[in-house]
Amino acid sequence: MSYNLKEIEKKWQSEWEKTKIFSSTDFSDKAKYYALMMFPYPSGSRLHMGHVRNYVIGDALSRYQRMRGFNVLHPMGWDSFGLPAENAAIKENIHPGNWTKENIKIMTEQLKNLGIGYDWDREITTCEAEYYKWTQWLFLKLYKKQLAYKKKSTVNWCPSCSTVLANEQVVNGICWRCKSEIVQKELEQWFFKITEYAQRLLDDLQELSNWPEKVKLMQENWIGKSKGIEINFVLEDKNILIPVFTTRPDTIYGVTFLALGVDHPLINEIFSIEKNPAIQKFKEEVKSLTLTMRISDQFEKKGLFINKYAINPINKERVPIFLTNYVVMEYGTGAVMGVPAHDQRDFEFVKKYNLPIKVVICPKDKAINADTMLEAYVDTGIQVNSDKFSGSSNVDTIEKISDFIEEKGIGKRKINYKLRDWLISRQRYWGAPIPIIYCPTCGIFTVPEEQLPVLLPEKVDFMPGAISPLAKVSEFVNVSCPKCQGQAKRETDTMDTFVCSSWYYLRFTTPDSKDVPFDNKIVNYWMPVDQYIGGVEHAILHLLYARFITKVLYDLKYLNVQEPFKNLFTQGMVLKDGQVMSKSKGNTVPADDLIEKYGADTVRGFILFAAPPEKDYEWDNHGIEGVSRFINRVIRVVEKFADYPTKIVDINCLPSNEIAKILVKTLHKTIKRVTDDIEKGFHFNTAISSLMEFTNHLYLIENLLDRDLGEELNSYIKESLTTFILLLAPFCPHISEELWKKLGKTGSIFRQNWPKYENSLTTDAQTLIVVQVNGKLKHKLSFSTGETIEIIKNTVLNDIKVKSLIDGKEIKNIIVVPDKLINIVTN
RNA sequence: GCCGGGGUGGCGGAAUUGGUAGACGCAAGGGACUUAAAAUCCCUCGAACUUACAGUUCAUGCCGGUUCGAUUCCGGCCUCCGGCACCA
């Protein structure tokens with residue numbers, strides 16, 4: 001092989017860099033196309049095939065769109081604040097900043113080796129002051145809009161990471177990053193009021209027609225809207241209201257007890273806890289439960305009767321009040337009406353404590369006996385024992401009872417969401433400091449905008465502990481009060497890294513702007529992101545936060561869009577031994593080894609060819625040979641035809657030469673298939689297989705490489721190859737650029753237009769029609785394309801073979817699908 | 001428990017609106033070239049039966065249904081993978 005792939009790749013990589021072929025111009029005449037991959041965390045590991053898949057998908061798409069004539073923005077940056085840097089730094093005893101910088105250097109080089117075409121002039125790094133200055137600015141904007149607030153509450157604490165976490169970062173009671181068990185702690189923390197946007201975050205999912213349904217459903221579930229009614233039960237003998245939230249007011253006549261969460265305010269209101277050791281003990285017991293225990297199947301419902309009764313406002317019935325371990329305080333009112341007959345949890349509870357069961361809904365034609373019930377009846381049915389509502393369907397009754405309750409003034413319709421506010425403070429060093437100052441005399445202040453950034457001090461003992469490492473840096477902590485100039489203290493928590501990544505896609509539009517986070521005109525030129533690509537693991541976390549922040553910035557008139565990502569594509573993961581490839585699991589397949597052995601184009605081509613991009617792919621070392629062979633076949637055939645003296649031919653017209661004719665048609669079919677495959681959902685795998693088929697077709701020309709085929713055919717082959725190389729370019733850019741020049745073309749292949757196909761050249765003159773008898777394939781006959789049903793029928797019925805097949809049988813029906821098949825139905 | 005998405009050769013995977021199941025590639029087998037190997041090129045390749053070398057039957061998780069015709073549509077299961085989870 002006369003081709004040194006490695007040299008070719010290096011040559012074009014530096015050429016592209018020099019000519020800035022991938023830079024994007026604000027306000028170009030071309031239509032804009034913002035292609036964005038979720039930016040990586042610079043974890044320092046060598047890129048493995050999982051990473052490669054991510055970046056290559058984005059690169060193939062951007063190169064394609066560039067050739068389609070778009071003004072493409074394809075930037076790269078680093079989500080570089082966060083725990084891994086800090087943990088690695090602690091372990092290796094270097095500063096997280098240096099660790100991060102070093103990793104960025106390594107990863108950048110590897111991305112360049114892969115030939116990923118980024119606009120490197122727009123590179124951003126979230127841990128640099130020029131970036132996090134604006135993350136702090138964002139905090140101030142939210143604070144001013146009362147969307148950032150501090151409150152004391154029960155929060156998720158990861159003992160291993162020594163910090164609190166947002167609900168979204170707790171997966172089944174386990175820390176999303178380090179997998180240790182989360183404990184609940186009572187702490188004062190900073191929150192972003194994402195709940196205020198719950199309804200809009202839910203509604204606008206409708207507009208995201210090009211997001212995967214799966215992701216939208218996950219967000220919908222997470223937001224967890226439910227419509228119901230808050231009903232006021234009353235504490236017996238005292239005029240204290242105990243509101244409960246329910247989605248099933250139709251079951252209110254079946255209430256036989258009231259269940260409270262252990263932190264319910266009523267307890268402190270009517271008891272002195274010190275005098276009630278039983279309550280105290282129960283509370284502690286419930287609070288010691290870990291999340292994992294609470295959600296396990298074996299979890300047993302427990303309760304404590306507090307010797308008090310409540311009055312059901314609808315029928316004045318007296319029901320006992322229990323403290324329970326299964327009512328969650330954070331949702332609804334922290335109090336629930338117990339309807340054992342129609343709620344399985346309540347049913348289990350009364351079976352344990354021998355409370356009565358009262359049936360108020362029955363199936364249409366069947367009575368239910370409370371004494372013999374084995375489980376709660378939760379289906380629809382007819383109301384019974386429900387006063388004036390008895391006899392009607394429970395579905396109608398939900399609305400009727402709700403009306404009645406509202407009229408009587410004993411309750412009010414309400415909508416509840418499962419979504420909780422976003423806890424954004426972290427007790428760790430490597431993050432953007434929260435720009436807040438506390439003055440003992442004047443109170444809480446934000447750091448004035450013009451004083452940003454609040455710099456993260458460099459010399460810090462960042463070993464984790466109960467308080468943020470920043471609290472130990474007196475030069476950082478001690479400041480003078482902006483108002484009284486007295487001794488004040490800075491907030492020492494840093495922000496969740498997801499705050500940094502909630503707005504980075506905006507910064508790419510004007511990465512260097514000094515006075516604003518992003519230029520208003522330019523950001524509105526580029527936004528929304530036309531295609532966002534990333535892993536499904538961010539379906540809720542990052543994607544929900546980014547949508548929220550975009551809406552806030554829209555409300556503040558910094559943005560014209562309410563949704564940041566117009567189209568979302570979630571690519572599958574690369575697995576090894578059934579598990580996600582990751583450094584920590586030690587199952588990575590490093591990309592550089594493969595690039596060294598096969599070249600970047602082969603590695604790129606293979607990862608795209610191996611599986612459809614949305615699917616997980618179990619890595620297999622063998623398959624890559626196939627793509628390597630394919631590229632070599634392409635090189636060989638171009639090598640031969642590039643040097644032939646040829647004449648100018650038009651490959652958009654049918655030639656007279658029979659071989660050339662078929663070749664031209666195959667080429668046009670290939671253009672169509674490759675284009676459609678990319679357009680209809682990034683089917684790069686089938687696009688590449690079409691390219692392989694085209695090459696195979698060429699090789700079927702007898703002795704293609706060993707003989708002179710004549711000027712006419714040579715010219716057509718050479719001309720087809722130039723078009724073919726254009727189709728190959730997004731996937732295997734280096735060799736395509738090289739072969740483009742080899743074929744005598746000037747200018748970068750990435751400045752060429754994507755080939756167009758002639759529709760008329762994608763169809764054949766003759767079509768093979770399948771002959772079926774009773775639905776079974778029996779024969780094939782060739783017809784002119786578009787032949788009439790009559791002629792097909794007559795020809796087939798007169799065919800000797802067909803005649804013998806249906807000989808002596810009665811023809812009951814004949815179905816003809818033009819250009820496809822004919823089915824003769826006999827008995 | 002609830003909500004999604006999948007099950008196609010030895011393997012990764014293809015199959016417009018229901019219309020030739022298995023494209024393309026890997027692995028395997030055979031042949032050509034070669035002193036030999038590598039590379040390359042060509043052929044075969046779901047299973048079973050029959051050998052008339054052309055056929056027949058069975059095959060897209062399982063069982064039914066609709067249809068001239070079902071990997072595709074409908075119903076019921078099995079199973080794998082995700083997400084949520086005492087949310088009242």
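So you know, we letter chains A, B, ... as the sequences are listed, proteins then strands, and number each from 1. Values reported hereafter were calculated over all heavy atoms of this structure, with side chains retained and with hydrogens, waters and symmetry mates removed.
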Does A:Arg673 reach a base, just sugar-phosphate, or nothing at all? Heavy atoms under 4.0 Å. nothing
Using atom NZ of A:Lys680 as one end and atom P of B:A14 as the other, report the distance to the nearest whole Å. 10 Å
Whom does B:C41 pair with, Watson-Crick or G-U wobble, provided both distances fall under 3.5 Å? B:G31
For the ring pair A:Phe630 and A:Phe609, is the centre-to-centre distance below 6.0 Å? no
Is A:Val327 touching bases, backbone alone, or none of the nucleic acid, heavy atoms closer than 4.0 Å? base
Could you check which nucleotide pairs with B:A47 in any of the strands shown, counting Watson-Crick or G-U wobble with both distances under 3.5 Å? B:U57
Considering Watson-Crick and G-U wobble pairs with both distances under 3.5 Å, what does B:G82 pair with? B:C3
A:Asn394, A:Asp343, A:Ile229 screened by side-chain contact (heavy atoms from CB on, under 4.5 Å) with A:Arg248, the one that passes: A:Asn394
Which nucleotide in the list B:G83, B:A88, B:G19 gets nearest to the side chain of A:Lys820? B:G19
If the sugar-phosphate is the primed atoms plus P, OP1 and OP2 and the base is the rest, what is the B/S/- string for nucleotides 37-58 of chain B, using protein heavy atoms under 4.0 Å? ---SSS------------SS-S
When you compare B:C80 with B:U16, how far apart are their P atoms, in angstrom units rounded to a whole number? 29 Å
Salt bridge or not for A:Glu693 and A:Lys669, using N-O below 4.0 Å? no
A:Asn416 near the nucleic acid: base, sugar-phosphate alone, or nothing, with a heavy-atom cut-off under 4.0 Å? nothing
Indicate, with a heavy-atom threshold strictly under 4.0 Å, whether A:Gln344 touches base, sugar-phosphate, or nothing. nothing
Touch check for A:Val336, heavy atoms < 4.0 angstrom, all strands: base, sugar-phosphate only, or nothing? base
Do you know the tightest heavy-atom contact between A:Pro818 and A:Ile792? CA-CD1, 4.5 Å
Under 4.0 Å, heavy atoms only, any strand: does A:Asp620 hit a base, just the sugar-phosphate, or nothing? nothing
Do A:Arg633's NZ or CZ and the ring of A:Tyr699 fall within the cation-pi criteria of under 6.0 Å and 45°? yes
Using a 4.0 Å heavy-atom cut-off across all strands, classify A:Asn685 as base, sugar-phosphate, or nothing. sugar-phosphate
Under a 3.5 Å limit on both distances, the Watson-Crick or wobble mate of B:C26 is B:G10
Would you check, one step at a time, whether the test side-chain hydrogen bond (donor to acceptor under 3.5 Å, both in side chains) holds for A:Tyr331 with A:Ser226? CA-CA 11 Å; A:Tyr331 184 77; A:Ser226 61; 2.7 Å; yes
B:A88 phosphate, OP1 or OP2, under 4.0 Å from A:Tyr331 side-chain N/O: yes
Please determine, for the side chain of A:Thr246, which listed nucleotide (B:A88, B:G19, B:G12) has the closest atom? B:A88
Step-by-step side-chain hydrogen bond (donor to acceptor under 3.5 Å, both in side chains) determination, A:Thr154 to A:Gln184: CA-CA 6 Å; A:Thr154 310; A:Gln184 303 297 300; 5.8 Å; no
How far apart are the C-alpha atoms of A:Asp819 and A:Thr785, what are their side-chain angles, what is the distance that settles it, and do they pass the side-chain hydrogen bond (donor to acceptor under 3.5 Å, both in side chains) test? CA-CA 6 Å; A:Asp819 296 335; A:Thr785 302; 5.0 Å; no
When we call it a touch if two heavy atoms are under 4.0 Å apart, what does A:Lys418 touch: a base, just sugar-phosphate, or nothing? base
May I ask which nucleotide in the shown strands pairs with B:U16, Watson-Crick or G-U wobble, both distances under 3.5 Å? none
Nucleotide nearest A:Thr686 when distance is taken to its side chain, options B:A14, B:C84, B:G19: B:A14
Take atom NZ of A:Lys669 and atom C1' of B:C24, then tell me their distance rounded to the nearest Å. 16 Å
How far, in whole Å, is B:C53 from B:C63 if one measures between their C1' atoms? 38 Å
Given the 90°-from-0 boundary between syn and anti, B:G9 should be labelled syn
Rounded to whole Å, CD of A:Glu679 lies from P of B:U16 at a distance of 18 Å
Whole-Å distance between B:C24 C1' and A:Glu625 CD? 17 Å
Using every non-hydrogen atom in the two residues, find where A:Ala335 and A:Val327 come nearest and quote the distance to one decimal. N-CG1, 4.3 Å
By the 4.0 Å heavy-atom rule, please label A:Tyr617 as base, sugar-phosphate, or nothing. sugar-phosphate
Using a cut-off of 4.0 Å on non-hydrogen atoms, how would the nucleic acid contact of A:Lys812 be classed: base, sugar-phosphate, or nothing? nothing
